[in-house]
Structures are given as structure tokens and as C-alpha cells.
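What follows is a short report on a single structure.
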Number of protein chains: 2
Amino acid sequence: MRDASHTRQKIHRAALDLFSSRGVAETSVRDLAQAAGIAEGTLYRHYASKDDLVADLFLSNYAAFAERLRTVRAVAGLRARLDAVAALVFGFHDADPTLFRFLLLVQHQALARGGDGDDNPVTVLRAMILEAQAAGEVTMTDPDLACALVLGLLLQPATALVYGRLSGPLLPLSSTVAAACWRTLNP
Amino acid sequence: MRDASHTRQKIHRAALDLFSSRGVAETSVRDLAQAAGIAEGTLYRHYASKDDLVADLFLSNYAAFAERLRTVRAVAGLRARLDAVAALVFGFHDADPTLFRFLLLVQHQALARGGDGDDNPVTVLRAMILEAQAAGEVTMTDPDLACALVLGLLLQPATALVYGRLSGPLLPLSSTVAAACWRTLNP
DNA sequence: CCTCCAAAAGTGAACGTTCACTCACATTCA
DNA sequence: TGAATGTGAGTGAACGTTCACTTTTGGAGG
């Protein structure tokens, strides 16, 4: 047989590119097949449906990033952890901005359908803040608000980059943003 | 003739509800007409197309909010202005969460099509930060990063509310968030 | 005060297009 | 050889939009 995984790779790339630039609903299976250089029917040899492709693309990458985020637990102390998290998020963005944009774009629809398990980056971040709070490293009382604010500081720069309101790689900004997170948690 | 503005109101409400809960592409004109209690053809007496409805709904509300945001210029000093901005944003959300969610949801597509004029809330915020920077009220050097971070602090709580990661009205949180914005701009 | 009318507003079946998906068949390779 | 993979014309459903027609209305003319 031919190399199935190679075909899947081509589908992945085409899907990420088109989904993140046009949106999922605005991308047809025809567009997808053409961009990947395959026939429409071929896509259905690898995925049960268009929705299945979207879900697989989202959930696998979302869970993989949550896993990487969980490794930050090896770092000691909230301040250093925030540095590590910011560097991880921004490095992840810089390594594959298209993937990052896709995850941001699709989470609205995907999370509404109950993809809210433990392999969720937000859940990992929240757990980290709760742990720091228990250790007396966080002044802010509401952990949910704290989580939302840190998330805002981490994600909005990426969004600004999409709209052209910011330029260049994000990684150099990570220590600045990590500091802002720290001061937000500790007024 | 019958009351045309009343029909438009019904269309507006149905459109905001459906668009913000399901998404624009996932809402058909049939759904829209049924929810508004009108016939499909009626919608086209008031809007040239579905896209026209979306654009009108977005641009008018987006510009109106930018206008309200511009009134904050009457407040003196960055610290007080941040308080006013946070209260305005959170109050706007609490008054009509559905509208707020719609604006968040649609801006991705709408702003890509070049709806980036002066009547843009982000432009207003950026101008405010630039002005404060000139007055020596902001330590952070990059105005674009500063703008992105403040935007993140203001918008993410609303997003968290959509996902059920936060509850209750946002307005009571505005002074806390405004303080976080201030500390982010002035390390 | 009533009558009538043109224009505004409302209607929903029908239209052509596009969509996601299927299937009978071709190709490849272990 | 047969199982895996690739193909693209074909399919029915759903979509946005149109249009011939009805209903409603404010105001002009008697």
C-alpha cells in the first residue's frame, strides 16, 4: 500500500492552513482535497467526516500542548513557573503560528461540545494557580479570575499578531509578559 | 404600512441570539426567520443579504461602543481612565452578554475584511495608551504590547464567562481588573 | 367621514448552487 | 492475490436568494 501517514500529513497541513485563514465552515471538502493534492474520496479513507477531521486535529494538538504545559510542574516556585509557561506558550506559537491560530479559532466550537477534560491547557494552568495559592504565593483571592487574567495576558499578544497589531516572534516578550502575570496575581 | 422598525428589532434579537450561540455559518436564514417569527422573504425586505445583516449588526454596534469608549477622554489621568474603561467594558457586557459575545465571535471574520477604521474600540484604547505614554504615565515601552495586554485583561474574563469558567456579573470585578491593567503598564 | 389606491411590508414555494458524503472501480504493494 | 489506498462523477439535502402574490397602511379625493 502507499504511505498512508504521508497522506494524512498532507491533509493536516492543508486543513490547518485553510481552517486558520478562512475558518472551518468557510472551507469546503473540495478546497481541502485540492490544497492537499488528493481526491475528495481519499479524505474519507482517513477520516469519517469533516467534523471528525476538525475534532481530531483540535483534540490531539490541544491535549499534546496540555501535556507539555504539565511538565512545568518540574519548575519550583510560581514566579519561575510563570516564566516557563509564558516561554512555552510563546515558543509554541512561534514554532507553528498556523496551528496556534487554529486552536484559538476552533476552541469556541470545540469546547462548547464538551471537550473539557483534564487534558486541557486551561485546566492545567488553573491547577497550577490553585497550588500556588495553597502555598501562599498568590495574593489574589479568586482563582478563576486569576486564571482568566493570566490567560488573557498570554493569549491576547498572539491574537494581536493575527490582526497585524503586533509583529515579530513572541518568545522575546515572554519574560515581560510573565512579569505582568506575576504582578497581576500579586498586587 | 406595518412597523418596519419593530420587525428589524425582532430580526436583530433573533440574529444575535443564534449567531452568538451557534455561530454565523451554522445559522441558516431559515433558522433566523423562524426564530424572529417572520418569513424568509421578509428578511430580504430589510437586508440585501445574510452577510449584509451580519456586517450591519457588527459594524453599528462595534462603532457605537467605540464611541462610548471615546467619552472616557473626559476623565483625567491614566489610572482613573483605566477604571472608567474597565467599568464601561464590563458594564457593556453585563447589559447585553449576547451582544458582547457576538462582537467577540464575529470580529475575527469582520476585521479580516478591513473593518479597521477609527471607530474601532481597539484603536481608541491604543490612542489612550499612546497619550498616557507621552504624558509619562506609562513605563512599558512598547505601546502595541501594552495595548494587547490590557485588551487581554479586559476581554478574557468575558470569554471565561462564556465557557462557564467564571460566573456572575463582571462589573464588580472592574476595579480589580483596572488595577491589574495599571500594574501591567507600570511595572 | 368614508372610499379607494399606491406603496410598503409580508409571505412561502420554487430555483439554482454548493455542500458533505458515497460508491463502483483503479492502482499499489506486501 | 487481496487488502489498503486512491479516484472523481454522482447523490440528495441544505443553503441563500428570488419572485409572484397577498396584506396592511397612510393619506388623497370626494
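In this text, all values refer to a predicted model and were calculated from it rather than measured experimentally. Residue numbers start from 1 in every chain, and the chains themselves are labelled A, B, ... in the order their sequence lines are given, proteins ahead of strands.
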Quick one: is A:Thr7 getting a side-chain N or O under 4.0 Å of the D:dG6 phosphate, OP1 or OP2? yes

Can you identify which nucleotide, out of C:dA20, D:dT5, D:dT17, has its nearest atom closest to the A:Lys50 side chain? C:dA20

Length of the OH-P vector between A:Tyr44 and C:dC23, whole Å: 13 Å

May I ask you to check if A:Arg8 and A:Tyr47 form a cation-pi contact, with NZ or CZ under 6.0 angstrom from the six-membered ring centre and within 45° of the axis? yes

Per nearest nucleotide of DNA chain C, the residue lying toward the 5' end, B:Leu43 or A:Glu40, is B:Leu43

Mind checking if A:Ser28 touches a base, just sugar-phosphate, or nothing, with heavy atoms under 4.0 Å? sugar-phosphate

Give B:Val29 one of three labels, base, sugar-phosphate or nothing, depending on what nucleic acid heavy atoms sit under 4.0 Å from its own. base

Whichever of A:His46 and A:Arg30 has the more 5' nearest nucleotide on DNA chain D, that residue is A:His46

B:Gln34 CD to C:dA13 P: how many Å, rounded? 13 Å

In whole Å, what is the span from the CG atom of B:Leu53 to the P atom of D:dG16? 11 Å

Quick one: does A:Lys10's side chain have a donor or acceptor within less than 3.5 Å of a partner on A:Ile38's backbone? no

What's the separation between atom CG in B:Leu53 and atom OH in B:Tyr44, rounded to the nearest 0.5 Å? 9.5 Å

In whole Å, what is the span from the CG atom of B:Asp51 to the P atom of D:dG16? 10 Å

Looking across every strand, which nucleic acid part, if any, lies under 4.0 Å from B:Thr27 by heavy atom: base, sugar-phosphate, or nothing? sugar-phosphate

According to a strict under-4.0 Å criterion, is A:Thr42 in side-chain N/O contact with OP1 or OP2 of D:dT7? yes

Examine distances only and state if a side-chain atom of B:Asp83 and a backbone atom of B:Ala178 form a donor-acceptor pair shorter than 3.5 Å. no

Candidates D:dT5, C:dC21, D:dT7 - which lies nearest the side chain of A:Arg2: D:dT5

Proximity to the side chain of A:Ala39 - top-ranked nucleotide from C:dG10, D:dT17, D:dG8: D:dG8

To the nearest Å, give me how far apart CG (A:Leu32) and P (D:dG8) are. 16 Å

Looking at A:Arg30 and A:Glu40, would you say the former's side chain and the latter's main chain have a donor-acceptor pair under 3.5 Å? no

Length of the line joining B:Gln9:CD and C:dG10:P, which is rounded to integer Å: 13 Å

May I ask you to evaluate whether A:Ser49 reaches the phosphate of C:dA20, defined as a side-chain N or O under 4.0 Å from OP1 or OP2? no

Provide, to the nearest angstrom, the distance between the NZ atom belonging to A:Lys10 and the P atom belonging to D:dT7. 7 Å

Whole angstrom is fine here: how far is it from CZ in A:Arg45 over to P in C:dA24? 12 Å

